[in-house]
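Quick note on labels: first sequence line is chain A, next is B, and so on, each numbered from 1.
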Amino acid sequence: MRPRGKAEGRPWLRALEVLRNCPSVIVHAVLLMSQRGRHQESKTKLEISPSETMKAEEENYKEEDKEPKSEDWRPPSVFGAADLKNRAVGLYNIGQTCCLNSLLQVFFMNIHFTKILRRISVPVCGTQKKNNVPYQMLLLLEEMQRGKQKAVSPRELAICLLAHRVTMFVQYDAAQLFLTLWNLLKKQMKNPELVEKLSDLYTIGVQEHLACQICSSETKRNSSMLTLPVPLLDSGFYMLKTLEECLQCFFHPEELTGHNMCFCEHCGKKTPFRQCVKLVHLPQTLTIHLKRFCFGRSAYIHKISSCLPFPQDLDFNEVLTEQQCQAYDSEKAAWQYELFAVVAHSGSTSCGHYCAYIRSLTECKWYCFNDSLVEQVSWDDVKSTYGHSDLSWGQTAYLLFYMKKHPQ
Amino acid sequence: MAQWQEVQQLPPTHLERVHQLYTNAALPMTVRQSLADWIEDQDWQQAAEPFSSHARMLFHSLLTLLGEQLGSLGPGDEDFMLKHNLRKARIDLQAAFEEHPENFANLVANLLQEERCILRRAQAKGQVEAPPAPSTAPQSSQEREIQQRLAEFRTALQEAERAFRHMEDLQDTFDFSYKMYYLPGQDHSHDPQYAQHVQALQAKLQSLDRQRREVVAQIQQLLGRSETLRDFLQQELSAWRERQQRSCLGAPTDTCLLQLQGWFTALGEGLFQLLQLLRAVGELRQKVTYEQDPLQSELPLLEKRLQEQLTCLLQSAFVVEQQPCMPNTPKRPLVLRTANKFCTRARLLVRLHDRNHRMEANIHIDRDPPKTRGFRKFNILTSSSKTVLVGDSPREGLVCDFQYLTLKEQKGGGSGKGSRGSNEGPLAVTEELHLITFTLAYAYCGLELKLETSTLPFVIISNNNQLSSAWASVLWFNMLSPNPKDQQFFSTPPPAPWPRLAEVLSWQFQSIAERGLSREHLQMLAEKLFGSKPSPESALPWTKFSKDGAAGFSFWAWLDGILALLHDHLKQLWKDGLILGFVSRKQEKKLLKVKRSGTFLIRFSESMLGGVTCTWVEHPESGPPAFRAVVPYTAAELASLALPDIIRDYQLLAEENIPENPLLFLYPDTARDEAFGPYYSQRHEGILTKKKEYLNQRLIRVSSRQPHETWQTEEDLVVATEDLETLRLKSGGQQPESPGTVPGGGRTPGTPQAVSPGLQQAVVEGVVLQQAVAAGLGTQQPGPQVAVLPSPQQLGSGSIGVLQTGMGNLGPPVVLQLLQVGPGGQGVLPTGGGAIGPLLGSGAAELLLGNGAVGLLPSGLGDLEGLPLQEPELEAGAVQLEAAELLPTLDDSAVLLDPSDPFLPQPEDVALPATPSLFTADGDFPPLHIDASDFQ
């Protein structure tokens, strides 16, 4: 059922095996056993167990799949936790994967994304299947939707990601992992149409302006971003009060003087510049990255846990001024957003936990995805991720996902 | 109540859903019914997990129990169907789930959850439909939300504990198997049984690992929800703080802490329980750990997060329940006087404590004093530490109650205010804010914390006369300070927005006299302060509120004067809305213009501190309506005579009038006696059978008005006689024209006669006795008066009128211009003096007269020089007035006076020369002749 055994000799695949067979490692860790040979031996034997369970599980599914067909008069609610929770199914934490789990849930709950994901072409051979991130994500999604359990394990996907040199089982920065994941998805989707759709769904278009303050020569450059990394502190290191202020701060022109001066071709020397970013395009799903982790005066990174309220409804036309935008009116008219998901982090920089608050697009209810636990919550619970200056270990919103109200 | 029982009691619509649920379910309702309790007690959710051996065990237990149930049923017919159904169910279940009992577990788990769901919905609906029980106060949605979340938190906690116990079981099983079967030292390569054991061990470890992650996820989730809950409680607490601050300012709000205490305690309990759970989990980790053990990485995080939440909760739960307050000024907390006792109380809302740990609370004053020059330092004289009292009832809670605290200023080093001389600090004493900080060493369940809380800033005064301005500071601070600990607030006090200030001012009246300020009142005050209609942006600077004032006193001093007056003398009238109070002159005219003559209103004086006055309207036959007002009464006057009595007996003396009471109708249109009747001081109904030695006496107030002279508004104090036994007063209600009938009216003894309005007539045994004596304005002090009048029964003396001479300058200008109109209205009586004359005649006896008015006495004095007041036989020396004919009965009154009465005023008691001061030397007054024979 699973292609195995070819891993020998390739170190990263070995790692996969280790992961796959983590229970065996577990036992040995307990025993602090050092005999290599025995390790190998026991490993091969122990491997039987998970695969058998898997078989059993699969059979279960098959059987349950049949059930509704033969007895479709039964209310679906009796069958699976997944149905009860309206397809909000948890993901087991298989070792510091709370960050991955949260991001996956944000992807999966986004119907615009799953529409794209469902259209991917299935890779031909087994290895390709195994190493194809979009395919593995689709498999996981299918498993979640089909699953009658309250949660499923993202093991296959984790293995797949490992194959792409994404380190697993370590503390992750959600913004970084989001970028990695998204890039992998984009790279491995073969269909250019889908790639474009994916880009359209997530990328933000901006125009960078760089103007020499002496000769007024200006260079412009269009670029796209996956997230808007907004600062929580203004240039004077004062806390910003709301998300709107953070956004304004992000689009606020910056004077480059002193050490930051740039070389001007016209003037032929280093001159003070004025740098600013103008907003050109906003995607269907807008990701805002709150830069809560920052370098303090010393070199070590600390987390800003103070309160930053974010609205449920966000209108960029009200937040930004005319000068900060570089877009047509028709584009701007669509800049009406409502909050879709919050990836929240609790703990400190060295040790923390992620969970996701996601508003189901179909039934407009908030859910909290905490690894294997999924719970319906209220907006008040989401608000508790604003942060508290007196709770440095409490949960704070880290990534915000806004959804366009009126898709174009 | 068991869930199945509750389900059965559902209303029909919801019950229908339950039936639907079971129609299609593989579990027949018969089984659910017969094994209800057992089914509800099992953890199906757990059993539904993959790799769970629990499911099989449960499934088989169920089958066995069904078998037992079947066996226990009798052979009777009534059980026949049940037996059949159960048997069938047993066979069906066995066939359907024997292979995969976890499917069965999943099914049952979901069924139970659905049931709960239906129950919840039914309850939620029931709450909306059913009217709230009358005994419980209606809850706000926020309160309901908190209650519900607390309940959910408890349920989730129980679930986590159950998951923990399951994990414990799994670990024990694993531990046992591991010790039994795992023998790594030997070569088992050819032992297939060993391989099986290791495989089983592997599976056990895997399920243990999964369970651990599950428990961790549950605790994460619990912590997440408790953060929301804590946010809610925090909001409620800050709302309470705000309420407390408002209630300190006199607002009528509820500052009870019991509900908050219940909530805080519930959450605290839950979190401490979680802490215990976390510790137990930690112990399990100590026993077994492995690579990628979730507990290894997650536990420290969870512990830190939980401890932080607990710390935060406890810190905020320590509150000052009662702000520092002196017991003798309960309405004005936060003003403390040195050497005076005060009390303050703090409470820990999380009512959890360790009985073995003695908790001690300490207080400090100004722990971090502002670095202001001249900032006074104080010591708390009494003990500053106290053991926290632990009451058993929730009402008591964890309270540290500091009573009988006193403060003493630290002198020395030239730092005190008293000794600082020229280097005076920037702040006045009453703008200097002090704080008391409570600290509490808290320990519970191994958590040790130092909790802290502070009172609101208070003002320390050393003299009672600073109380008023100190209170102004307290008002200003609590109304405007964004930071409740800002001791430097008055270095740059912000201005007060009018709407906010208006509200706070209204509270002052509410708290002191139980009636706040109306919109009209506030309108008038705003116009006074801002000179126009207030806009929402109007703001009053601190100095304008408390320091500067055109009239020589600040706005606050003026208002506080009124408050004091209300509190001491006019509380009831104010409360019942009889005092219009804050009415501008303009407004007052507007109001009265359209009312009939004699309509009056009571308002506060704007020109003097703590004064109240009446203004009435008169409509002359021609010309514009006239408005008249008396010089405001202050606490000094009201102390001797209450305002309702003043109004009842108020007399206006005009030269061509007999005294009359111009106050007929209280604005808008209530007859005077109807409005004020309930407030008149009590009459003593005489007992006819008992011979009374003295006549009663009564104080009345009159104003005199001179003809052809400026209108005199100032009123005089009149001491009026009261009857012995049958005295009835006829006053009010009469038309102003009635005076004309008075003189001629032959009266029957003992029969009360209609007399001019306001003119008090005592009819005693056919005798009308009236006396009026005048004294100079200002010299008439209530104190001496009372002293001189030995007792109410003293002497049948008539009314003692101390009439103030005309001091035109005191009269409001408005009145001046109306002068000509006034007297013209009543021409029947010869002169005003005429009316007074007789009063004086008989009343001359009243010794009060004399109160030292001499200086003010105008001419005319000479006429009275001969007053035989020194003589014991008053009646003999009684005054005969020319006007005596007007009141023929006067003569008789003299009879009452017993010359031999030992209590008759002695000459030394009397300051004789005062008497004639009744009338200014106008010459218009007929000379007073005293003829003793008239009294014989």
Side-chain angles (χ1 to χ4, degrees), chain A residues 22-31 33 35 38 41-42 45-46 48-50 53 57 60 63-64 71 73-75 77-81 84 90 92-96 148-150 169 346-348 351-353 355 368 370-373 375 377 380-381 383-384 388 390-395, chain B residues 20-21 24-26 45 48-51 100 102-103 106-107 109-111 113-114 145 178 182 184 189 195 198-203 205-206 209-210 213-214 216-218 220-221 223-225 227-228 230-232 288-294 297-298 300-302 304-305 307-309 312 315:
Chain A
C22 60
S24 74
V25 182
I26 288 163
V27 174
H28 291 288
V30 176
L31 306 175
M33 206 176 118
Q35 284 180 340
R38 205 164 296 278
E41 185 188 63
S42 65
K45 284 187 179 164
L46 289 166
I48 304 162
S49 96
T53 359
E57 270 176 55
N60 288 354
E63 201 173 75
E64 285 177 30
E71 309 166 74
W73 40 269
R74 291 187 175 190
S77 61
V78 182
F79 292 108
L84 271 185
Y92 281 107
N93 185 332
I94 54 169
Q96 309 237 32
K148 308 304 172 200
Q149 306 302 330
K150 59 175 239 178
F169 320 123
S346 54
S348 66
C351 143
H353 176 74
C355 64
C368 176
N370 212 328
D371 287 335
S372 57
L373 281 186
E375 205 176 54
V377 294
D380 291 306
D381 295 292
K383 279 204 291 191
S384 74
H388 288 281
D390 52 349
L391 281 181
S392 56
W393 292 83
Q395 51 185 1
Chain B
Q20 254 172 16
L21 185 69
N24 300 332
Q45 197 77 53
E49 293 291 299
F51 316 113
H100 302 292
E102 59 274 4
N103 287 1
N106 196 27
L107 169 87
N110 285 332
L111 277 173
Q113 194 166 342
E114 278 291 280
E145 174 91 29
Y178 169 71
Y182 198 75
S189 48
V198 173
Q199 198 180 324
L201 199 56
Q202 183 69 65
L205 185 56
Q206 209 162 359
D209 182 56
R210 195 167 275 239
R213 294 186 189 282
E214 182 67 27
V216 167
Q218 280 191 353
Q220 290 279 16
Q221 188 77 343
L223 283 174
R225 295 296 74 76
E227 263 178 44
T228 317
R230 202 191 66 96
D231 278 350
F232 274 112
V288 174
T289 186
Y290 45 87
E291 208 172 284
Q292 298 284 349
D293 181 359
S297 54
E298 303 282 333
L301 167 71
L302 289 173
K304 286 209 175 96
R305 209 175 148 188
Q307 287 207 350
E308 190 182 61
Q309 276 204 36
C312 233
Q315 282 292 6

Subject >> Partner set under salt bridge (charged side-chain N to carboxylate O under 4.0 Å, His left out) for B:Asp293, not counting sequence neighbours >> reply: B:Arg212
**OP:** Report yes or no: do B:Gln221 and A:Asn370 form a side-chain donor-acceptor pair below 3.5 Å?
**Re:** yes
Original post:
For chain A, which of B:Thr228, B:Leu223, B:Val216 has the most heavy-atom pairs under 4.5 Å?
Top reply: B:Thr228
Original post:
In this structure, which one of A:Val377, A:Asp381, A:Leu373 forms a side chain to side chain contact (heavy atoms under 4.5 Å, CB included) with A:Cys368?
Top reply: A:Val377
Original post:
Any idea which of B:Pro294, B:Pro300, B:Ala109, B:Cys312 has the most non-hydrogen atom pairs under 4.5 angstrom with chain A?
Top reply: B:Cys312
Subject >> Option in B:Gln309, B:Gln307, B:Arg305 with maximal non-hydrogen atom pairs under 4.5 Å from chain A >> reply: B:Arg305
Original post:
What part of B:Gln218 gets closer than 4.5 Å to chain A, counting heavy atoms only: side chain, backbone, both or neither?
Top reply: both
Subject >> Contact leader toward chain B among A:Cys355, A:Gly352, A:Ser348, where contacts are heavy-atom pairs under 4.5 Å >> reply: A:Gly352
Original post:
So, B:Asp231 and A:Ser384: side-chain donor and acceptor under 3.5 Å apart, yes or no?
Top reply: no
Original post:
Taking the six-membered ring of A:Tyr92, is NZ or CZ of B:Arg213 closer than 6.0 Å to its centre and within 45° of its axis?
Top reply: no
Original post:
Given the options B:Gln220, B:Arg230, B:Gln315, B:Glu145, which has more heavy-atom pairs under 4.5 Å with chain A than any of the others?
Top reply: B:Gln220
